[in-house]
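The structure appears right after this line, and notes come after that.
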Amino acid sequence: MQPLLPPPKSIDELLERAESIAGLSFTELADMAGVELPSNFKHHKGWTGQLIEVLLGSYAGSKPQQDFPDLGVELKTIPIDAYGKPLETTYVCYAPLINVAGIEWSNSNVKNKLSCVLWMPVEGSRDILPQDRRVAMPVLWQPSETQNAVLEQDWTELQDMICLGQVEKINASIGQALQIRPKAADGSSLTEAIGANGEVIQTRPRGYYLRKEFTHEILKSYFS
DNA sequence: GAATGATCATGC
DNA sequence: GCATGATCATTC
């Protein structure tokens, strides 16, 4: 998919664009973008996110930066049920597993990505066909002090385990708001990490994700 | 039913 | 393989 518009020049312009597609169905959005609508997402898991990106004027790419670097805004689509509750966790970024000296919360990719997020909730219930799913109203969010503290605490705990060679002990149950889970094409994918004795080991790549409870709180606070 | 771990598509 | 976009599907 190619961007349909130049990047927005201001947050207001970005919000206007986002609000202008709220309420529209995936069928209407696919038409606007000139792309085919998948009948399901089994083989097109990132389709919705990329569709919203091109409609709002984000440059496609896999750069480890925000979607709108000039505005300092990250774009996230999030599937919700009929009650506005998230149906999935939210991927944040890759978890660095090696050469981690010098990485602190203040300069981490997680903090950078989550410093300002434009959430685009979309209907995601599996009993709604992709063609009928609609986009909800956007939410521009910046973490509160409390939220930032929780994120920092989780990140520190997890990143400490990585530094101490305990990556193999990390599972998705660790962390109140942030968790680490595998992030790879399949189980054969490997990357370097720190082992229990400080040696270099091979392990499955991991990513940081936000729990549904945390994103639910974000969405609720803007609709109450 | 929800959560964890696994997986799919794409561009370099 | 890394990093983006995430959802799937097995396990609990």
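We name chains A, B, ... by the order of the sequence lines, and we start the count at 1 in each one.
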Handout entry: Check ion pair E53(A)-R17(A) (N to O, under 4.0 angstrom)
Key = no
Problem - NZ on K111(A) to CG on N148(A), rounded to 0.5 Å - result: 4.5 Å
Completion exercise
Rounded to whole Å, the OH-P distance (Y208(A) to dT4(C)) equals 13 Å
Handout entry: Nucleic acid contacts - residues 167-176 of chain A versus DNA chain B, non-hydrogen atoms under 4.0 Å
Key = N171(A), A172(A), S173(A)
Handout entry: Under-4.0 Å side-chain N/O to phosphate OP1/OP2 contact, R211(A) with dT4(B)
Key = yes
Handout entry: Members besides Y209(A) in its Ile/Leu/Val/Met/Phe/Trp/Tyr cluster (side-chain heavy atoms under 4.5 Å)
Key = Y91(A), Y94(A)
Exercise for the section: Check whether any side-chain N or O of K212(A) sits under 4.0 Å from OP1 or OP2 of dA3(B), and answer yes or no. Expected result: yes
Exercise for the section: Drop me the distance from K212(A)'s NZ to L219(A)'s CG, to the nearest 0.5 angstrom. Expected result: 13.0 Å
Problem - Residue E199(A) excluded, over 12 heavy atoms near CD under 6.0 Å - result: yes
List every contact pair, protein side and nucleotides 8-12 of chain B side both N or O, where the distance is under 3.5 Å.
{"unit_1": "dC8(B)", "atom_1": "O3'", "unit_2": "H43(A)", "atom_2": "ND1", "d": "3.3"}
{"unit_1": "dA9(B)", "atom_1": "OP1", "unit_2": "H43(A)", "atom_2": "ND1", "d": "3.3"}
{"unit_1": "dG11(B)", "atom_1": "N2", "unit_2": "S62(A)", "atom_2": "OG", "d": "3.2"}

Practice task
Look at atom CD of E36(A) and say whether more than 12 heavy atoms of other residues, nucleotides or ligands are closer to it than 6.0 Å.
Solution key: no
Exercise for the section: Starting at atom CG of N112(A), determine the distance to atom C1' of dA3(C), rounded to an integer number of angstrom. Expected result: 14 Å
Exercise for the section: Report the distance from atom CD of Q66(A) to atom C1' of dA3(C), rounded to the nearest whole Å. Expected result: 15 Å
Exercise for the section: Find the distance E213(A):CD to dA2(B):C1' and express it as a whole number of Å. Expected result: 10 Å
Completion exercise
In this structure, CG of L15(A) is separated from OG of S20(A) (nearest 0.5 Å) by 11.0 Å
Exercise for the section: To the nearest Å, give me how far apart CG (L51(A)) and P (dA6(C)) are. Expected result: 11 Å
Problem - Min side-chain heavy-atom separation E152(A)-S106(A) under 4.5 Å - result: no
Practice task
Please report, rounded to the nearest Å, how far the P atom of dA3(C) is from the CZ atom of R181(A).
Solution key: 19 Å
Handout entry: Strand contacts (DNA chain C) in residues 82-105 of chain A, 4.0 angstrom heavy-atom criterion
Key = E88(A), T89(A), Y91(A), C93(A), Y94(A)
Problem - V92(A) vs L114(A) side-chain heavy atoms within contact, under 4.5 Å - result: yes
Exercise for the section: May I have the distance from M120(A) (atom CE) to dG5(C) (atom C1'), rounded to whole angstrom? Expected result: 15 Å
Fill in the blank from the handout: By nearest-heavy-atom nucleotide on DNA chain C, the more 5' of S189(A) and N109(A) is S189(A)
Practice task
Consider only side-chain N and O atoms of D186(A) and S188(A), and report whether a donor and an acceptor are under 3.5 Å apart.
Solution key: yes
Problem - Hydrophobic cluster partners of V200(A) (side-chain heavy atoms under 4.5 Å) - result: I98(A)
Exercise for the section: Return the orientation label for the W155(A) and W105(A) ring planes: parallel under 30°, perpendicular over 60°, tilted otherwise. Expected result: tilted
Fill in the blank from the handout: Rounded to whole Å, the CH2-P distance (W47(A) to dC8(C)) equals 14 Å
Practice task
With heavy atoms under 4.0 Å as the rule, sort P64(A) into base, sugar-phosphate or nothing.
Solution key: sugar-phosphate
Problem - Other residues, nucleotides, ligands: >12 heavy atoms within 6.0 Å of R181(A) CZ - result: yes
Exercise for the section: Return the residues of residues 13-40 of chain A meeting this criterion: a heavy atom under 4.0 Å from some atom of DNA chain C. Order them by number, or give none. Expected result: none
Exercise for the section: Compare all side-chain heavy atoms of V122(A) with those of R133(A) and state whether any distance is below 4.5 angstrom. Expected result: no
Problem - R126(A) side-chain N/O to dC8(C) phosphate OP1/OP2 under 4.0 Å - result: yes
Practice task
Mark yes or no for a side-chain to base donor-acceptor pair under 3.5 Å between Y209(A) and dA3(B), with no hydrogen or angle criteria applied.
Solution key: no
